Amino acid sequence: MEFSAKQLAVLLKGEIEGDENVTVSTYSKIEEGRPGTISFLSNLKYEQYLYTTDASIVLVNKDFVPKESVKATMIRVKDAYMALATLLKLAEANLKKVKTGVDKTARISKSAKIGKDCYIGPFVYIGDNAIIGDNTQVYSHCAINDNVFIGKNTIMYNSVVVYQGCQIGDNCIIHATSVIGADGFGFAKDENGVYVKMPQNGNVIIGNNVEVGASTTIDRGSMGPTKIADGVKLDNQIQIAHNVEIGENTAMAACSGVAGSAKIGKNCIIAGKVGIVGHLTVADNTTIAADSNVTGTIKEPGQVLLGSPVLPIMKARRSLAVYRNLPELREQVMELEKKIAELEEKLK
C-alpha cells in the first residue's frame, strides 16, 4: 500500500517540510534509503546520512535542526523512533494473518480449557487442567503442561515449553524455544559429599504485556514463585533463576543472568551480558551498562552503573582510565622506588 506524506503526517500528528504529495510503500534504513521508502532519524550519530539519503520521507524529532539542506521530505514528530514503531505495528497488522483453529496433530487433554478464536498448531501438547485464554496462539511443538494458565491474546512461538503450574498473563509474547518453569539450580551435599537435588516446588508467574526472547529460561521457585511483573521485556538467551523478582517495565538485554532470589526494581534497564548475583536488591530506575557485574545491593534509585563490580558510571570511567595506564604507572613507581633507594644509600 502507498501512503503520501500528508496522510502519514495526519496519522502521526506530525508537521511536513517538503512535498506533501510524495508517496512511500515500504521502509529503509537512512543510510540505505531508496526512492519510495520512509526512514527515520532519532540517533544523531546517523545525521550525516540525512543529507545524502535517497529515502522519499524521513521522520525526525520536532526539535531537530538540520545543518545542511535535506532533499527528502521530512515529517517532524514528537519522537521519531516511536512514530516508526507506530507505522511498523500498522504494517504488521495489515500483513500478518491471524490464525485460528486446532491442528489435527495437537494433543489436548480432555480437562484442558481452550478459549475462543485460539490457534493450536501442529504437534502441540496441552496437559491436564491447562487453561488457554481467548485469541491466544500456540505454535507448533509447544508443550503446555498440567495446570498451566495462559491469558488472552498471548503468542507462544514454536517449541516453547511451559512447565506445570506456571502462569502467563494477557498480551504476552514468548519466543521460540524458551523454557518457563524448569527446576531452579538447587543442590545440597550430603555427609558423603554427594549432591542431593532440592525439590523445586514453586512456579513462575508472568504478568501482562511481557515479552520473552528466544531461548530464554525462567526457572521455577524452590518455594513460592519466580515473578516477572507487567510490561517486562527480556531479550534472547537470558537466564532468570529461581525466586527472582523483576519489577514492572524493566528491560533486560541478551545474555544477561540473574541468580536466585535477586529482586530487580521497576523501570530498570539491564544491558547485555550483565551478571547479577543472588539474594540482593536493585533499586527502581537503575541502569546497568553492558558487561557489568552486580555483586551487592543497589539501594539508591536512578543510578547509571558500570563495571565489575559496578560503580557509578563516571567513577567507573575514571577508574578505567587509570587501569589503562597501569603499565606506565608501574614503571613510574619502580623508578621512584629506585631513586628513593639511592637517596637513602647516600644518607647512610
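Because the structure is a prediction, the values reported are computed rather than measured.
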Would you call the rings of Phe187 and Phe185 parallel, tilted or perpendicular if under 30° counts as parallel and over 60° as perpendicular? perpendicular
Is a donor from one side chain sitting under 3.5 angstrom from an acceptor on the other, for Asn21 and Ser4? no
Report yes if the side chains of Asp219 and Gln200 come closer than 4.5 Å at any heavy-atom pair, otherwise no. no
Between Glu17 and Val70, does the side chain to side chain contact (heavy atoms under 4.5 Å, CB included) criterion hold? Intermediate values first, please. CA-CA 10 Å; Glu17 287 187 17; Val70 179; over 6 Å; no
Decide yes or no on side-chain hydrogen bond (donor to acceptor under 3.5 Å, both in side chains) for Ser261 and Asn243, but give the supporting numbers first. CA-CA 5 Å; Ser261 298; Asn243 295 105; 4.7 Å; no
Within the 3.5 Å criterion, strictly below it, is a donor on Asn293 or Thr295 matched to an acceptor on the partner's side chain? no
May I have the step-by-step check of side chain to side chain contact (heavy atoms under 4.5 Å, CB included) for Asn135 and Lys152, ending in yes or no? CA-CA 6 Å; Asn135 304 305; Lys152 300 176 182 179; 5.6 Å; no
Does a side chain donor of either Thr217 or Gln239 reach within less than 3.5 Å of an acceptor in the other side chain? yes
Do Ile246 and Leu234 touch side chain to side chain, with heavy atoms closer than 4.5 Å? yes
Is any NZ, NE, NH1 or NH2 atom of the basic residue among Asp63 and Arg76 found under 4.0 Å from an Asp or Glu carboxylate oxygen of the other? no
Kindly determine whether Val210 and Ile168 satisfy side chain to side chain contact (heavy atoms under 4.5 Å, CB included), including the steps that lead there. CA-CA 9 Å; Val210 171; Ile168 300 173; over 6 Å; no
For Val232 against Gly247, the heavy-atom pair lying closest together: CG2-O, 3.1 Å
Could you check whether the rings of Tyr139 and Tyr119 sit parallel, tilted or perpendicular, using 30° and 60° as the cut-offs? perpendicular
Can you see which heavy atom on Ser39 is nearest to which on Lys29, and at what distance? OG-C, 3.4 Å
